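Everything on this sheet refers to the single structure shown next.
Throughout, residue positions are numbered sequentially from 1 according to the sequence presented. For clarity, every value in this text was computed on a predicted model and none was experimentally measured.
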Amino acid sequence: MDIRSLISQPVEKELHTFDLAFSQSLQSDSPKMQEVANHILQSNGKRIRPVVLLLSALLAGKVTSVSIESAVLIELLHTASLLHDDVVDETEKRRGRPSANAVFDNKVAILSGDFILSISLQKAIVIGDLRILSVFGQLGKHLSLGELNQLTNVRNLIIQEESYLKVIREKTATLFSACTEIGALSAGASDEEVAKLRSYGENIGMCFQIQDDIFDYFDSAVLGKPTGNDIREGKVTLPLLYAIEKAGENDKNRIMTILREQDFSEENIKSLTLFAKESGGVEYARKKMQVYALQAKESLHIFPDGEAKTALLKLVDYVISRDR
């Protein structure tokens with residue numbers, strides 16, 4: 001049994017119920033929409049977000065029907081946002097498979113995202129808990145702002161660490177914190193427990209995105225030839241940000257010229273990724289990630305030991321050590 005299976009084991013039964021409910025939520029009378037839905041279901045990833053939500057509910061008390069419905073709600077919103085983001089970023093592959101916009105086209109991908117977003121809104125109304133609805137609404141806002149701020153950073157060539165961290169907090173950390181907060185709320189947790197689990201989610205979300213960004217400096221998320229996909233899109237992530245900040249005047253001018261002119265030839269991509277690694281950028285990003293990982297673990301101290309707490313602690317280690 002791999003580490004992901006061990007982490008999800010305490011909520012395996014509930015996760016199976018989630019899978020069925022999520023699949024059912026995507027059913028449609030439209031042949032084209034059903035075609036897109038089938039593509040989405042075949043591309044289903046590690047299910048980390050529903051696992052995090054269900055484990056949070058278990059840690060705070062127990063997994064309820066509201067917990068499972070909320071996990072579906074969040075996954076629907078996340079799926080809709082990915083469909084839209086792939087169009088914005090002109091992404092052709094997701095999780096190693098062709099993205100929906102590549103298989104179909106941008107119009108179908110956008111409209112499918114709108115349809116799934118509408119389903120999530122209907123489900124939110126059925127759940128009916130105003131606290132959960134509030135978290136859900138805030139999440140939708142932050143996901144959109146994260147994408148907009150990232151576009152602004154790319155277009156205006158903003159290369160400040162503070163701006164980068166703000167973007168990944170909005171794009172990724174708020175998604176994880178919404179999962180843990182809603183999980184806690186669905187289990188009837190106290191205000192202190194909700195706050196601690198929200199903190200855990202935000203910190204593990206920061207870890208998750210920084211690790212994803214580190215992957216861009218290696219081939220297929222393992223050591224080897226650099227890929228540089230983020231750089232090709234003009235996204236300057238933490239390893240390169242650090243390298244630029246520490247660079248001498250000549251190196252800094254050379255890098256900024258490449259970024260400003262968007263001269264992303266294979267040679268330049270290789271040069272930038274190698275420079276980031278040799279300048280300690282990847283190591284700096286890993287150390288930054290370790291800080292967030294420690295904060296995530298510390299957030300769980302108020303909870304009693306048990307299988308849910310053990311799984312969430314293991315999840316932190318998995319997120320910062322995974323290779324894909």
Side-chain angles (χ1 to χ4, degrees), residues 22-49 72-124 136-137 139-158 164 167-168 170-172 174-175 178 208-209 212-213 215-216 220-221 227-237 259 261-266 269 324:
F22 181 69
S23 177
Q24 184 61 38
S25 295
L26 291 177
Q27 300 304 305
S28 170
D29 293 335
S30 163
K32 179 58 68 177
M33 184 60 234
Q34 193 57 54
E35 194 177 348
V36 177
N38 292 340
H39 176 80
I40 291 168
L41 292 169
Q42 290 166 7
S43 306
N44 205 8
K46 296 181 282 290
R47 302 183 297 179
I48 285 182
R49 283 154 296 273
V72 174
L73 167 68
I74 293 294
E75 198 66 7
L76 286 169
L77 176 61
H78 177 56
T79 300
S81 71
L82 290 182
L83 287 169
H84 291 163
D85 292 351
D86 284 348
V87 172
V88 172
D89 296 336
E90 300 180 350
T91 302
E92 294 186 356
K93 283 193 174 182
R94 178 165 291 282
R95 303 188 186 104
R97 299 183 74 252
S99 59
N101 51 301
V103 173
F104 306 99
D105 58 40
N106 286 347
K107 292 179 181 178
V108 171
I110 288 291
L111 291 171
S112 298
D114 291 345
F115 176 80
I116 294 171
L117 179 60
S118 298
I119 296 173
S120 72
L121 292 173
Q122 288 180 315
K123 189 164 290 292
F136 176 72
L139 173 59
K141 180 180 74 173
H142 283 297
L143 291 176
S144 300
L145 287 176
E147 281 297 319
L148 284 169
N149 288 333
Q150 182 170 265
L151 281 174
T152 299
N153 289 353
V154 170
R155 290 175 178 175
N156 296 341
L157 200 55
I158 297 172
Y164 162 81
V167 164
I168 69 171
E170 289 174 327
K171 283 187 58 181
T172 305
T174 55
L175 182 57
F208 191 91
Q209 188 58 57
D212 262 9
D213 292 343
F215 290 160
D216 197 53
S220 300
T227 55
N229 290 328
D230 286 338
I231 297 174
R232 285 186 182 88
E233 296 173 3
K235 300 172 185 174
V236 182
T237 55
L259 295 173
E261 296 179 357
Q262 297 189 344
D263 184 12
F264 301 135
S265 64
E266 289 302 316
I269 293 293
R324 57 180 62 88

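Here the shortest heavy-atom pairing between Ile231 and Asp216 reads N-OD2, 3.7 Å. The two residues Leu77 and Ser120 come nearest to each other via the heavy atoms N-CB, 4.2 Å. Here the shortest heavy-atom pairing between Leu73 and Lys123 reads N-CD, 4.0 Å. Contact record, Gly146 with Val167: O-CG1, 3.8 Å, taken as the closest heavy-atom pair.
Using a 4.5 Å heavy-atom threshold, the side chains of Val154 and Glu233 count as separate. At a threshold of 4.5 Å between non-hydrogen side-chain atoms, the residues Leu83 and Asn101 do not count as touching. Residues Phe115 and Val36 form no side-chain contact, since every pair of their non-hydrogen atoms from C-beta on lies 4.5 Å or further apart. Counting only heavy atoms from C-beta outward, the side chains of Asp114 and His84 approach each other to under 4.5 Å. Here the side chains of Phe208 and Ile168 are not in contact, with every heavy-atom distance at 4.5 Å or above. Residues Thr172 and Asp212 have side chains not in contact (no heavy-atom distance under 4.5 Å, counting atoms from C-beta outward). At least one side-chain heavy atom of Tyr164 sits less than 4.5 Å from a side-chain heavy atom of Thr237.
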Using atom types as modelled, flag every donor-acceptor pair under 3.5 Å from a side chain in residues 104-111 to any protein atom, sequence neighbours excluded.
residue	atom	partner	partner atom	Å
Asp105	OD1	Lys107	N	3.1
Asp105	OD1	Val108	N	2.8

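In this structure, Gln27 contributes its side chain and Ser23 its backbone to a donor-acceptor pair below 3.5 Å. Under a 3.5 Å cut-off, the side chain of Gln34 and the backbone N or O of Ser28 do form a donor-acceptor pair.
Between the CG atom of Leu76 and the NE2 atom of His78 there is a distance of 11.0 Å, given to the nearest 0.5 Å.
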- Check the pair Gln42, Asn38 against side chain to side chain donor-acceptor pair (under 3.5 Å), reporting the backbone distance first and the verdict last. CA-CA 6 Å; Gln42 290 166 7; Asn38 292 340; over 6 Å; no
- Message: Could you go through Asn153 and Lys235, starting from their C-alpha distance and side-chain angles, then the distance that decides it, and tell me whether this counts as side chain to side chain contact (heavy atoms under 4.5 Å, CB included)?
- Response: CA-CA 8 Å; Asn153 289 353; Lys235 300 172 185 174; over 6 Å; no
